[in-house]
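Structure record follows, encoded as structure tokens.
Quick note on labels: first sequence line is chain A, next is B, and so on, each numbered from 1. Not measured: the values here are computed from a predicted model.
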Amino acid sequence: MKILVCISKTPDTTAKIAFTDNNTKFSNEGVQWIINPYDEWYSLVRAIELKEADPSTLIHLINVGVADSEPVIRKALALGGDEAIRVNSDNADSFSIASQIAAVAKEGNYDLIFTGKETIDYNGSSIGGMVAEILNLPYISHAIKFDLSGTQATVIREIEGGEETNAVQLPVVVSCQKGMAEQRIPNMKGIMGARTKPLKVVEPVATDVYTEVSSFDLPPSKAGVKLVSPDQPEELVRLLHEEARVI
Amino acid sequence: MSVLVFIDQADGHIKKSSFEAASYASRIAENLGTQAEAIILGKTEDAPASLGEYGIKKVHTVDGITAMDSQVYTSIIAQAVEATGADVIVFSNNTTAKAIAPRLSVRLKAGLVAGAVALPETANGFIVRKTVFSGKAFANISVKTAKKIIALNPNSYHVVKGTGVAEVAAFNANVEVPKVTVTSINKVTGEIPLSEATIVVSGGRGLKGPENWGYVTDLAKLLGAATACSRPVADIHWRPHHEHVGQTGLAIAPNLYIAIGISGAIQHLAGVNRSKTIVVINKDPEAPFFKAADYGIVGDIFEVMPKII
Ligand SMILES: Cc1cc2nc3c(=O)[nH]c(=O)nc-3n(C[C@H](O)[C@H](O)[C@H](O)COP(=O)(O)OP(=O)(O)OC[C@H]3O[C@@H](n4cnc5c(N)ncnc54)[C@H](O)[C@@H]3O)c2cc1C
Ligand SMILES: Nc1ncnc2c1ncn2[C@@H]1O[C@H](COP(=O)(O)O)[C@@H](O)[C@H]1O
């Protein structure tokens, strides 16, 4: 079994969101970078569990990004995975990233490709589906549970107001979210071992670019909270009804 | 040239968010001087012609589809795009769209904007506004391709309802055999899906334990609201995972979000700060949530809530 786990780098969840260059670029100043939580907590850990169940499994990590992604890739390797591939591209367009992942996936003949449900910065939820389409593979999004029996996978995915159980033959692309696995913390052995695991850098293939960010902006700040006395909660009901008109 | 909107349904009924998408698609069509058409897969109890009330001129129906498979859906929608000559394709940004729209984007070589919150700006190119950083910011995305796909966030565009009856025509699609088999569907019946709710009542660790959730569920029932919770509450299994909102859960934008005993950590706010009105009930006047709130009560849940309900 060969699993490809897609790893993206995102600003820490507490990072200050600000923009530079005439609001066209995210301001990196003082920002801590982390592994996108969906990639780290759910898809990577589930892949590691599958390897624990079947030690002959190979796990490759892939990141599309420039050299500053490497600390995050090493952090992922500290959790698990046999080697990592970084495609040296700074293009942020989803199709372009998906094309790079698909090119590597095609070469590597993977049985299983895991992505996170979404990146917490771009919130595209797109790359898994795009990779699947480029490779003409089935795609199961929003997986909350993934089990394997030979080459047959049983996947539970979240749908609006419930869950759906899917059966599919490998190879398949799966996007992972909460429920797939429990978050792990790398141990000392993992951290030390990650330093010597192979991290290959490959050059990007030529791709089209479908979209570009033209600018960013921040939502207007709130006017301030109107406090109601705890002894008169009926006043809150009145305000919501008459002033905010939401009930 | 036309605009094609994918109409999603559940249990034989068109989803509310699809009416928003239909209204949105009709408005885009109007702005581009063309007409909006719709495609709906599988049988519905709702009459497809009624989509005319949302400005849809023609509805293409495809019968005999019972389960969602991203490849099957993508192929049918791509055939409909071809047949209608659509160059803007609209989805409501829900779990179905997230499974299909990215595939369709590749198949049609059409740039995708997932999570749109406003009509495209077409004066100079084609620019669509979407949420990024889990609602903490917006990005204006320029779509460079000839065809464009937009997945509209639920609760971001008002349903515009008028009169009108859409023409309904069976669309004769070539339907592939799905590679994914849906073996069961398990739905929580009688609950309003969180992503579609206009009012959400949410509880945090301040409620002390699952035995006190009546404050949340009773208020929700009274208001016709969906229920949500903070992440630790789902982690300790006081509430089901699908209720977890925030940066690593669901991002929502209801008209009213009522937070009971939630501190308002930045990761929680990320998923709810696009709510139009936020009410916070918390005993700690320093709780960060008050800075993001419109209305608040500084008080003890166990004293305040019985008076509200
Ligand atoms: C990477 C990362 C991602 C995360 N993602 C999310 C996410 O998606 N969603 C999320 O919610 N969190 C997320 N978190 C966790 C987040 O940081 C907070 O820890 C969490 O939101 C706190 O939940 P809470 O408000 O329910 O609990 P607490 O922080 O414990 O707050 C409880 C609140 O209840 C109040 N209270 C207590 N008793 C009473 C009473 N009797 N009456 C009235 N008020 C009372 C207290 O004053 C307090 O403000 C994430 C954290 C990290 C590091
Ligand atoms: N630059 C990248 N390199 C590798 N994987 C990525 C990259 N960007 C996104 N992904 C994967 O695709 C998933 C969905 O991303 P998105 O479509 O941007 O929301 C993420 O959770 C990652 O698993």
Under 4.5 Å from any heavy atom of chain B - which part of [X]:
| X | answer |
| --- | --- |
| A/Pro219 | both |
| A/Asp93 | neither |
| A/Tyr122 | both |
| A/Leu239 | both |
| A/Arg157 | side chain |
| A/Glu234 | neither |
| A/Gln183 | side chain |

Do the non-hydrogen side-chain atoms of [X] and [Y] ever get within less than 4.5 Å of each other?
| X | Y | result |
| --- | --- | --- |
| A/Pro233 | B/Ile297 | yes |
| A/Lys222 | B/Lys291 | no |
| A/Leu227 | B/Phe290 | yes |
| A/Phe95 | B/Thr145 | no |
| A/Val246 | B/Ile199 | no |
| A/Asn123 | B/Lys130 | yes |
| B/Val280 | A/Val225 | no |
| B/Phe133 | A/Ile120 | no |

Any salt bridge linking B/Lys109 with A/Asp208? Criterion: basic side-chain nitrogen under 4.0 Å from a carboxylate oxygen.
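No, B/Lys109 and A/Asp208 are not salt-bridged.
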Check ion pair A/Asp121-B/Lys136 (N to O, under 4.0 angstrom):
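No, A/Asp121 and B/Lys136 are not salt-bridged.
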What part of [X] is in contact with chain A, defined as an atom under 4.5 angstrom from a non-hydrogen atom: side chain, backbone, both or neither?
| X | result |
| --- | --- |
| B/Ala10 | neither |
| B/Ser275 | backbone |
| B/Ala67 | neither |
| B/Leu223 | side chain |
| B/Ser195 | side chain |

Mind ranking B/Leu256, B/Val113, B/Val182 by heavy-atom pairs under 4.5 Å with chain A and telling me who comes out on top?
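Answer, by heavy-atom pair count under 4.5 Å with chain A: B/Val182.
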Among [options], which residue has the highest count of heavy-atom pairs closer than 4.5 Å to chain B?
| options | result |
| --- | --- |
| A/Ile159, A/Leu218, A/Thr24 | A/Ile159 |
| A/Val168, A/Ile140, A/Thr13, A/Asn136 | A/Thr13 |
| A/Val209, A/Leu240, A/Ile144 | A/Leu240 |
| A/Thr10, A/Thr14, A/Val172 | A/Thr14 |
| A/Asp217, A/Val213, A/Asn166, A/Val228 | A/Asp217 |
| A/Gly116, A/Pro138, A/Pro11 | A/Pro138 |

Name the residue from A/Glu163, A/Lys178, A/Glu158 that meets the side-chain contact (heavy atoms from CB on, under 4.5 Å) definition with B/His242.
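In the set A/Glu163, A/Lys178, A/Glu158, the residue that makes a side-chain contact (heavy atoms from CB on, under 4.5 Å) with B/His242 is A/Glu158.
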I'd like to know whether CG of A/Asp21 has more than 12 heavy-atom contacts from other residues, nucleotides or ligands below 6.0 angstrom.
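Check passes, neighbour count above 12.
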Pair [X], [Y]: side-chain N/O donor-acceptor within cut-off below 3.5 Å:
| X | Y | result |
| --- | --- | --- |
| B/Thr95 | A/Glu160 | yes |
| A/Ser214 | B/Asn140 | no |
| A/Thr165 | B/Thr183 | no |

Taking only residues two or more places apart in sequence, or in another chain, which ones meet A/His142 in a ring pair (Phe, Tyr, Trp, His ring centres under 6.0 Å)?
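With neighbours one apart ignored, the set is empty.
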For chain B, which residues from residues 125-134 of chain A have at least one heavy atom closer than 4.5 Å to it?
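Under the 4.5 Å heavy-atom cut-off, A/Ser125, A/Ser126, A/Gly129, A/Met130, A/Ala132, A/Glu133, A/Ile134 qualify.
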Between A/Tyr139 and B/Ala99, is there a donor-acceptor pair closer than 3.5 Å when you use the side chain of the first and the backbone of the second?
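Answer holds: no.
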For A/Glu243 and B/Tyr295: C-alpha separation, side-chain torsions, deciding distance, then whether side-chain hydrogen bond (donor to acceptor under 3.5 Å, both in side chains) applies.
CA-CA 11 Å; A/Glu243 190 178 84; B/Tyr295 301 98; 2.4 Å; yes
